[in-house]
Q: 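The following block contains the structure, expressed as structure tokens.
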Amino acid sequence: MGRIRHLIADLYFCNTSCLGDQNFLGEVIGKVLQWWSMADSEIHWVTDQNGGLSGLCLLPNTRFTFQTFPSLEFMAVEIITVGRIIDPRSLGEQLVEALEPSLVSFELVVRGEHLKIDE
């Protein structure tokens, strides 16, 4: 696996009530982070005027962001990791399992194979 991994995930046809519910999404993301033993990481939330939510969570060597669009039944997720501590695909798969979208698109870009990174 590469040194720097950048995952972009599009989750289509999600339950719209889940996408606008900060408590629900906070629980889902909290469980995912707990699985990675990083449950104490804080999510920084922003609510948009259309009922969607955006969030940013900074973890050691990892940035996890998301944005929901309840009216479109859509959630966009971006995860960037450095090193081999967290596999971004696993984080994405756990979100898919919890949110149960009807259609999912994942794109994983691996970069920095030439970089020497302490792991």
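Just so you know, these numbers come straight off a predicted model, no measurement behind them.
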Q: Could you check if a side-chain atom of His44 sits within less than 4.5 angstrom of a side-chain atom of Val46, using non-hydrogen atoms only?
A: no
Q: Could you tell me which non-hydrogen atom of Arg5 sits nearest to which non-hydrogen atom of Val110, and how far apart they are?
A: CG-CG2, 4.2 Å
Q: How long is the straight-line distance from CD1 of Ile29 back to CG of Leu99, given to the nearest 0.5 Å?
A: 8.0 Å
Q: Considering all heavy atoms of both residues, which atom of Leu25 and which atom of Leu19 are nearest to each other, and what is their separation?
A: CD1-O, 3.8 Å
Q: Say you draw a straight line from CE of Met75 to CD of Gln67; how long is it, rounded to the nearest 0.5 Å?
A: 10.0 Å
Q: Considering only residues two or more places apart or on different chains, which pairs with a residue in residues 52-80 satisfy salt bridge (charged side-chain N to carboxylate O under 4.0 Å, His left out)?
A: Arg63-Glu78
Q: What pairs with Val96 under side chain to side chain contact (heavy atoms under 4.5 Å, CB included), at least two apart in sequence or on another chain?
A: Leu11, Pro101, Val104, Phe106
Q: I'd like to check the salt bridge (charged side-chain N to carboxylate O under 4.0 Å, His left out) partners of Glu27; sequence neighbours left out, ordered by chain and number.
A: none
Q: Please name the pair of heavy atoms, one in Arg89 and one in Leu108, separated by the smallest distance, quoted to 0.1 Å.
A: CD-CD2, 3.7 Å
Q: So which heavy atom on Phe24 is nearest to which on Asp21, and how close?
A: N-OD1, 3.0 Å
Q: Are any of the side-chain heavy atoms of Phe66 and Ile79 separated by less than 4.5 Å?
A: no
Q: Show me the donor-acceptor pairs within less than 3.5 Å that the side chains of residues 47-58 make with the rest of the protein, sequence neighbours left out.
A:
unit_1 : atom_1 : unit_2 : atom_2 : d
Asp48  : OD1    : Asn50  : N      : 2.8
Asp48  : OD1    : Gly51  : N      : 3.0
Asp48  : OD1    : Gly52  : N      : 2.8

Q: Answer yes or no: is there a side-chain heavy-atom contact under 4.5 Å between Arg3 and Arg111?
A: no
Q: Would you say the side chain of Val77 lies within less than 4.5 Å of the side chain of Leu95, judging by non-hydrogen atoms?
A: yes
Q: By side chain to side chain donor-acceptor pair (under 3.5 Å), which residues pair with Ser17, not counting sequence neighbours?
A: Asn15
Q: Which residues end up grouped with Phe13 if you chain together Ile, Leu, Val, Met, Phe, Trp and Tyr wherever their side-chain heavy atoms are less than 4.5 Å apart?
A: Tyr12, Phe69, Leu72, Phe74, Leu103
